[in-house]
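The structure under discussion appears below in the form of structure tokens.
Convention: sequence-line order gives letters A, B, ...; per-chain numbering from 1. Owing to the predicted nature of the structure, the values given are computational and were not obtained by experimental measurement.
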Amino acid sequence: MSIRRTTVKAALAGEGAGDIRVMGWVRTRRDAKGFSFLEINDGSCLTNLQVIVEEGTPGGELLKELGTGASVAVAGELVASPGKGQRFEVRAKELALLGQADPETYPLQKKRHSDEFLRTIAHLRPRTNKYGAMLRLRSALSQAIHAYFAANGFAWVHTPIITGSDCEGAGEMFRVTALTDAEAALPAAARAEKDFFGKDAFLTVSGQLTAEPLALALGKVYTFGPTFRAEHSDTSRHAAEFWMVEPEMAFADLEDNMDLAEDLLKSLVRTAMVDCAEDFGLFAKYVDPTLTETLSTFLAEPFVRLPYREAVSILAAAKKDFAYPVGPGLDLQSEHERYLAEEHFRRPVIVYDYPRAIKAFYMRQNDDGETVGAMDVLVPGIGEVVGGSAREERLDVLEARIRELRLPLEAYWWYLETRRFGTVPHAGFGLGFERLLMLVTGIGNIRDVMPFARTWRHLEF
RNA sequence: UCCCCGGUAGCUCAAUUGGCAGAGCGGGUGGCUGUUAACCACUAGGUUGGCGGUUCGAGUCCGUCCCGGGGAGCCA
């Protein structure tokens, strides 16, 4: 047996005119004398399907149970609507109540709720217009990422989530263990010995180090998966678990890297605005009225490409009181990045060739001896959405750098062998998927672009 | 972790100098012949985040803890 139903999306498109069956959740009921209007949503699209229930319809006695939040099955005829506001509607022939939602206690009302309140009911908020739209957009962009890379000759590789390397070079890590409490209390060396892998294990903070050997075999690869950072960052832009897109290209340099980042970002913004126009429209109308203009600018103009050295000059000359100092060798602070993208250029800026002292060991050293081939894409309102670099492909230079930073050379033996045998120039970056979603939706808090966010001190649901 | 702001009805918020705790929405009941987050009338709903203090009297002042939001650091 199977449930045959027409989705609201298909019904609204007029597919299968005639007798259909739809199932969904009641968003609102409006009663008139002798009949009622039910608005049904089944998550297939933003718009609700209007159902007309005449008095005397079989199951019509259930109407009083069919308030906001209840689930219902409607059999009826899909007809052109005589009213304004919708092309099609369903004239019910039979109603069935699937699940009640007590109006006294159902938390969602027909009106708008605050994001803060909806976060406390993350299991129900996907039934709201805004979070439904966000989740459909999240899905569409995930698929667009795979489509983009497929169309451009990249292989999708699955880098591990559990790693034995505690120095992937991007922040604090979560430990993964199968130890009992008693075993965990042993001294470090004995404890590690006892553990599942016979050594310490962690959740990955980046797929990059394992993606590189794959790029150095397949040419162009990307990973797209969850990453984990045990940092006590308590901000609207950080989560402990988030998704990252990480392309890695052999036979590529920093400029190729920038080209890819810009093209990928523009392609995804276009997907959101064009292919997801209905859901995007909700954000452009209610969440951020400047969104359409902002993203149109984003698409229309090339990103600014600015060497770090010039960024410092611009900031030094800015008529602006920064809380943090600006100067050669100092990292750019949030306020500086925002000034560049939001005030000075008013569009995305790629800052590149950063001082080597403030960047990771694997980034390619420039000939000046002072900078590395790193790049950050800064966008107005969000800050950094992409961070990447050309990778150091010269064995001697890479080894010297690892020694200089006092990192454990032996732990990188396999990474170094990719340089020892048939090394080639290569480059890649990480794109924060949630930050991309913040960019295309205008949603200001990362907790609201994930279904169930994991952040510092928050693990409900 | 640091700085700032906040916590009052299910939700969003008012409450004068410390002086009777209110509104809109949502809910309930009734009405309305096609509504569009409908409309009209009536109605129920409160340990003012917790604990302690000052005071004749505390939503309001003080202390402390909890929770939420914004910003910073770090990063994607």
A/Glu116 (side chain) and B/G7 (base): donor-acceptor pair under 3.5 Å: no
Is it true that A/Asp253 and A/Arg364 have a side-chain N and a carboxylate O under 4.0 angstrom from each other? no
Considering only heavy atoms and no angle criterion, is a donor-acceptor pair shorter than 3.5 Å present between the side chain of A/His113 and the base of B/C11? no
Where the side chain of A/Phe37 is defined as all heavy atoms beyond and including C-beta, which of B/A76, B/U35, B/A72 is the nearest nucleotide? B/U35
Side chain to side chain contact (heavy atoms under 4.5 Å, CB included) assessment of A/Thr7 paired with A/Leu12: CA-CA 9 Å; A/Thr7 62; A/Leu12 288 171; over 6 Å; no
Looking across every strand, which nucleic acid part, if any, lies under 4.0 Å from A/Gly34 by heavy atom: base, sugar-phosphate, or nothing? nothing
Rounded distance in Å - CZ (A/Arg30) to P (B/U33): 17 Å
Among B/G34, B/C74, B/C75, the nucleotide that comes nearest once only the side chain of A/Glu337 is considered: B/C75
Are A/Thr28 and B/A37 close enough that a side-chain N or O sits under 4.0 Å from OP1 or OP2? no
For nucleotides B/G26 and B/G71, find the distance between their C1' atoms and express it as a whole number of Å. 34 Å
Going by the rule ring-ring contact (aromatic ring centres under 6.0 Å, His included), which residues pair with A/Phe35 if we only count those two or more places apart in sequence or in a different chain? A/Phe37
Using a 4.5 Å cut-off on heavy atoms from C-beta on, say whether the side chain of A/Thr294 contacts that of A/Phe298. no
If you go through the side-chain atoms of A/Gln109, does one of them form a donor-acceptor pair with the base of B/G10 closer than 3.5 Å? yes
Hey, is the side chain of A/Arg237 pairing donor to acceptor with the base of B/G73 inside 3.5 Å? no
Give a yes or no on whether the ring-centroid distance for A/Tyr362 and A/Tyr415 is below 6.0 angstrom. no
Mind calculating the distance between CH2 (A/Trp456) and P (B/U1) to the nearest angstrom? 5 Å
Below 3.5 Å, does any donor atom in the side chain of A/Ser233 face an acceptor in the base of B/C74, or the other way round? yes
A/Glu262/A/Lys266 salt bridge by N-O under 4.0 Å criterion: yes
If I pick the C1' atom on B/C67 and the same atom on B/G49, what distance separates them, to the nearest angstrom? 7 Å
Measure from CZ on A/Phe242 to P on B/A76 and round the result to the nearest Å. 7 Å
Using the P atoms only, state how far B/G45 lies from B/G57, rounded to an integer number of Å. 29 Å
Does a side-chain N or O from A/Lys33 land closer than 4.0 Å to OP1 or OP2 of B/C32, or not? yes
Taking the six-membered ring for Trp and the full ring for Phe, Tyr or His, determine whether the centres of A/Phe224 and A/Trp243 are under 6.0 Å apart. yes
Look at the side-chain N and O atoms of A/His458 and state whether any lies under 4.0 Å from the OP1 or OP2 oxygen of B/G68. yes
Once you round it to whole Å, what is the distance between P of B/U1 and CZ of A/Arg457? 6 Å
Taking the six-membered ring for Trp, is the centroid-to-centroid distance between A/Tyr324 and A/His336 below 6.0 Å? no
Proximity of A/Phe242 and A/Phe228 rings by center, below 6.0 Å: no
Between B/U43 and B/G24 - P atom distance, rounded Å: 12 Å
A/Phe149: what forms a ring-ring contact (aromatic ring centres under 6.0 Å, His included) with it, not counting sequence neighbours? A/Phe154, A/Tyr222
Please tell me which of A/Asn129 and A/Asp376 maps to the more 5' nucleotide of RNA chain B, matching each residue to the nucleotide holding its nearest heavy atom. A/Asn129
Just checking A/Ser236: base, sugar-phosphate only, or nothing, at a heavy-atom cut-off of under 4.0 Å? sugar-phosphate
Pairwise N/O distances under 3.5 Å, protein to nucleotides 40-44 of chain B:
none

Strictly by modelled atom types, are A/Gln208 and A/Glu212 linked by a side-chain donor-acceptor pair under 3.5 Å? yes
Whole-Å gap separating P (B/A72) and OH (A/Tyr324): 9 Å
Sole candidate of A/Asp376, A/Asp259, A/Asp353 that passes salt bridge (Lys or Arg N to Asp or Glu O under 4.0 Å) when paired with A/Arg305: A/Asp259
Measure the distance from CG on A/Asp115 to C1' on B/C11 and round it to the nearest whole Å. 14 Å
Please tell me if A/Asn48 has a side-chain N or O lying less than 4.0 Å from either OP1 or OP2 of B/A37. no
For A/Tyr106 and B/C11, what is the distance between atoms OH and C1' respectively, to the nearest whole Å? 14 Å
Contact class for A/Phe117 vs. all strands (heavy atom < 4.0 Å): base, sugar-phosphate, or nothing? sugar-phosphate
With rounding to the nearest 0.5 angstrom, report the CE to CG distance, A/Met375 to A/Leu306. 14.0 Å
Has A/Asn48 got a side-chain atom pairing as donor or acceptor with A/Glu39's backbone, closer than 3.5 angstrom? no
For nucleotides 27-30 of chain B, which of its nitrogen or oxygen atoms have a protein nitrogen or oxygen under 3.5 Å away, and what is each distance?
unit_1, atom_1, unit_2, atom_2, d
B/G27, O2', A/Glu104, OE1, 3.3
B/G27, O2', A/Glu104, OE2, 3.1

Does A/Glu55 reach a base, just sugar-phosphate, or nothing at all? Heavy atoms under 4.0 Å. nothing
Contact class for A/Asp331 (heavy atom, under 4.0 Å): base, sugar-phosphate, or nothing? sugar-phosphate
Please report the distance separating the C1' of B/U54 from the corresponding atom of B/C61, rounded so that it comes out in whole Å. 8 Å
Please confirm whether any donor atom in the side chain of A/Arg112 sits under 3.5 Å from an acceptor in the base of B/A37, or the reverse. no
Near A/Phe452 CZ, under 6.0 Å, is it more than 12 heavy atoms from other residues, nucleotides or ligands? yes
Any side-chain heavy atom of A/Val72 sitting closer than 4.5 Å to one from A/Leu98? no
Under 4.0 Å, counting only non-hydrogen atoms across every strand here, what does A/Ala239 touch: a base, just sugar-phosphate, or nothing? base
In whole Å, what separates the P atom of B/A21 from that of B/G31? 36 Å
Please check if atom CD in A/Glu255 has more than 12 non-hydrogen atoms from other residues, nucleotides or ligands closer than 6.0 Å. no
Is A/Gln86 near enough to B/U36 that one of its side-chain N or O atoms lies under 4.0 angstrom from OP1 or OP2? no
Pairing annotation in dot-bracket form, given for RNA chain B with Watson-Crick or G-U pairs under 3.5 Å and | for cross-strand partners: (((((((..((((.....[..)))).(((((.......))))).....(((((..]....))))))))))))....
Whole Å only: how far is the CD atom of A/Glu460 from the C1' atom of B/G68? 15 Å
Tell me what A/Glu335 touches on the nucleic acid: a base, only sugar-phosphate, or nothing, going by heavy atoms under 4.0 Å. nothing
Each nucleotide N or O in nucleotides 46-50 of chain B that has a protein N or O under 3.5 Å away: list the pair and distance.
none

Does A/His238 make a side-chain donor-acceptor contact with the base of B/C74, cut-off 3.5 Å? yes
For B/C4 and B/G63, measure between their P atoms and round to the nearest Å. 13 Å
Check every strand shown and say whether A/Thr235 touches a base, only sugar-phosphate, or nothing at a heavy-atom separation below 4.0 Å. base
